[in-house]
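Reviewing the structure listed below.
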Amino acid sequence: MTLQAPLDLALDGPIARLTLNRPDMRNAFDDTLIAALTAAIKTAADAPQIRVLLLTGAGKAFCAGGDLNWMRKMGTLTDADNRADAARLAGMLHAVWACPKPVVACVNGDAYAGGMGLVAACDIAIAADSAHFCLSETRLGLLPATISPYVIRAMGERAANRYFLTAERFDAATALRLGLVHDVAPAAQALEAAESICRTLCANGPGAVQASKRLVRDFAGKSLDDGLIADSVARIAAIRSTEEAREGVTAFLEKREPAWRKTA
Ligand SMILES: C/C=C/C(=O)SCCNC(=O)CCNC(=O)[C@H](O)C(C)(C)COP(=O)(O)OP(=O)(O)OC[C@H]1O[C@@H](n2cnc3c(N)ncnc32)[C@H](O)[C@@H]1OP(=O)(O)O
């Protein structure tokens, strides 16, 4: 798997760590970074040796959102160009959200605007206690539109009302209380905490983890009247007949660790 700068890849067994690497710009997204991250997520999704993706940022920040040097040119673009530009960021966030494998964010520092959207699109997020979060768009005369499907899901409508409209900055403890992140760790230990979650994911059945991700995506926000009972029965029946389920149950009964096969 080869990557374009400014994105670093480190492989640790089945864990692919992707590091946004524009530290002097606080890892702000330009076209190159958006294209690199989108391609890397899709490549990792298809790589059988990779089971979990870990996203983090180089230097002080996790990600300062869209590159404002580039965005300054927006006013001179056509509507079609502005749509195409926004669609590239939307496509990157969707690639994370739709990745069949779990994506864990280690929010090593500030996550602003599009950077906060990236946190929200990930399945699990661990924040350094020094990290701050901000939907700064309205302060810039912009709209947090492309990130809204993920952020509203993660923090809920009431919190979104407050932070979308006010653009107030909030700390990691508040992000934890709102449900935007799952844990807060001292800054020096945040990466290890995120890696520990990745190792926990890798200890579970790879197919079951991926099916669980799909289950949450497909069922969240739906009611029992939407056919959830029949769908849940079909999904567990499908899993029960897999070699992976046989191995997981047999390993428990034989008091040994399961030997999982690689998945696509
Ligand atoms: C659809 C999506 C829309 C969007 O995402 S719009 C983008 C919204 N983003 C923001 O509003 C964040 C802007 N950045 C900041 O507020 C701060 O940065 C941080 C709080 C993230 C970090 O603060 P600190 O650690 O003190 O760094 P620093 O001195 O402000 O920045 C270091 C260098 O990084 C550049 N930079 C930071 N963010 C961006 C950005 N988003 N686009 C372009 N450049 C950025 C600065 O200008 C500066 O540069 P120099 O060293 O030359 O002075």
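FYI, the numbering just counts along the sequence from 1. Whatever order the structure lists ligands and atoms in, that order sets their numbers, starting from 1.
- Salt bridge status for Asp218 with Arg235: present, with a side-chain N to carboxylate O gap under 4.0 Å.
- If you check which protein heavy atom lies closest to atom 44 (N) of ligand 1, you get Met25 CE, 3.7 Å.
- Considering only heavy atoms from C-beta on, Leu53 stays 4.5 Å or farther from Arg17 through its side chain.
- Between Pro144, Ala145, Gly65, Ser136, it is Ser136 that holds the heavy atom closest to atom 8 (C) of ligand 1.
- For a threshold of 3.5 Å applied to N or O pairs, the pair formed by Arg26 and ligand 1 contains at least one separation below that value.
- No part of Ile147 comes within 4.0 Å of ligand 1, judged by heavy-atom distances.
- Of the charged side-chain nitrogens involved, none lies within less than 4.0 Å of a carboxylate oxygen, so that Arg26 and Asp110 do not count as a salt-bridged pair.
- Among all non-hydrogen protein atoms, the one lying nearest atom 49 (O) of ligand 1 is Asp24 O, 4.4 Å.
- Residue Met71 touches ligand 1 through its side chain alone, judged by heavy-atom distances below 4.0 Å.
- His94 pairs by the ring pair (Phe, Tyr, Trp, His ring centres under 6.0 Å) definition with Trp97, not counting sequence neighbours.
- Residue-level proximity to ligand 1 for Asp67 is carried by backbone and side chain together, each with a heavy atom below 4.0 angstrom.
- The pair Glu192-Arg199 meets the salt-bridge criterion, since a charged nitrogen lies less than 4.0 angstrom from a carboxylate oxygen.
- Closest to atom 16 (O) of ligand 1, if we only count protein heavy atoms, is Tyr112 CE2, 3.6 Å.
- Looking at Ala64 against ligand 1, both its backbone and its side chain come within 4.0 Å, counting heavy atoms.
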